[in-house]
Amino acid sequence: MLVEDNRVFREALQLLLGLQPELEVVATVDNGTSAAAVVREIVPDVVVMDYRLPGLNGVEATREILAGAPGVRVVCLTASVSRREVEELYAAGAVACLTKDGALEEIVDAILHAGASEDGAPCG
């Protein structure tokens, strides 16, 4: 599942991830407030979460998601993030934090690793 407020980036990422045979994008939302409700409804393996979102930010949305669906893995994908924000994301339960300018292969690998993780341990 993708949580991203930038429509163009969200649609491009959905397309690129959809081309990966081992991945399926099951839902997309454009704000942090809707994310937890959609996750409770569909229970995806992995949520790819932006940090800066309308409504709840990535940290708040991650907490809400994991409170309602503790088995879901959250991978943060953001344009920029400070060290403090990364620490907050991991404290909220995210298993990886990547920047949007990273290689698609790196993003796909983090999603696959998160989906295979049984213990919720950080991916990288």
Side-chain angles (χ1 to χ4, degrees):
M1 177 174 144
L2 301 176
V3 183
E4 169 62 54
D5 62 324
N6 181 302
R7 183 184 58 80
V8 172
F9 186 80
R10 183 179 63 248
E11 290 175 358
L13 186 59
Q14 181 178 7
L15 175 67
L16 290 170
L17 294 177
L19 294 173
Q20 307 300 312
E22 61 272 54
L23 296 178
E24 177 185 2
V25 178
V26 296
T28 65
V29 297
D30 63 0
N31 65 81
T33 306
S34 300
V38 174
V39 166
R40 282 191 301 274
E41 183 178 320
I42 64 171
V43 192
D45 295 327
V46 178
V47 173
V48 178
M49 173 84 63
D50 192 7
Y51 183 88
R52 287 167 184 78
L53 294 162
L56 301 177
N57 70 27
V59 171
E60 296 161 334
T62 295
R63 283 190 194 116
E64 289 284 322
I65 286 169
L66 296 178
V72 172
R73 303 293 180 246
V74 176
V75 172
C76 183
L77 182 63
T78 188
S80 65
V81 66
S82 71
R83 182 184 245 1
R84 180 188 54 78
E85 291 166 338
V86 169
E87 290 169 0
E88 290 175 352
L89 284 161
Y90 283 128
V95 296
C97 187
L98 306 166
T99 57
K100 291 178 180 176
D101 61 357
L104 179 62
E105 182 178 287
E106 180 183 2
I107 296 166
V108 169
D109 286 347
I111 294 168
L112 291 173
H113 186 98
S117 175
E118 295 289 326
D119 60 2
C123 297

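Quick note: residue numbers are just sequence positions, from 1.
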- R52 side chain to S80 backbone, donor-acceptor under 3.5 Å: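 Answer holds: yes.
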
- side-chain contact (heavy atoms from CB on, under 4.5 Å) partner of L77, the single match among V48, V3, I111: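 Among the candidates, only V48 passes.
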
- Could you check if a side-chain atom of I42 sits within less than 4.5 angstrom of a side-chain atom of M1, using non-hydrogen atoms only?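 When only atoms from C-beta onward are counted, M1 and I42 do touch, with a gap below 4.5 Å.
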
- Evaluate the side-chain proximity of E60 to N57: yes if any heavy-atom separation is below 4.5 Å, no if none is.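 Yes, at least one pair of side-chain atoms sits under 4.5 Å.
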
Tell me the closest heavy-atom pair linking [X] and [Y], and the distance in Å.
X: G32; Y: A61; answer: O-CB, 3.8 Å
X: P44; Y: V72; answer: O-CG2, 3.2 Å
X: V74; Y: M49; answer: CG1-CB, 3.8 Å

- Task: Please list all pairs passing the side-chain hydrogen bond (donor to acceptor under 3.5 Å, both in side chains) test where one or both residues lie in residues 15-31, with sequence neighbours left out.
- Result: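 Counting only pairs at least two positions apart or across chains, the side-chain hydrogen bond (donor to acceptor under 3.5 Å, both in side chains) contacts touching residues 15-31 are N31-S34.
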
- Near E41 CD, under 6.0 Å, is it more than 12 heavy atoms from other residues, nucleotides or ligands?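 Atom CD in E41 is not crowded, with 12 or fewer foreign heavy atoms closer than 6.0 Å.
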
- Mind checking whether V38 and L2 sit in one hydrophobic cluster, side chains of I, L, V, M, F, W, Y counted as touching below 4.5 Å?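 Different hydrophobic clusters.
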
- Residues two or more places apart in sequence or in another chain: which of them pass side chain to side chain donor-acceptor pair (under 3.5 Å) with R84?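 R84 satisfies side chain to side chain donor-acceptor pair (under 3.5 Å) with E88 only.
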
- Indicate yes or no: does D50 engage K100 in a salt bridge with an N to O separation below 4.0 Å.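 Salt bridge present between D50 and K100.
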
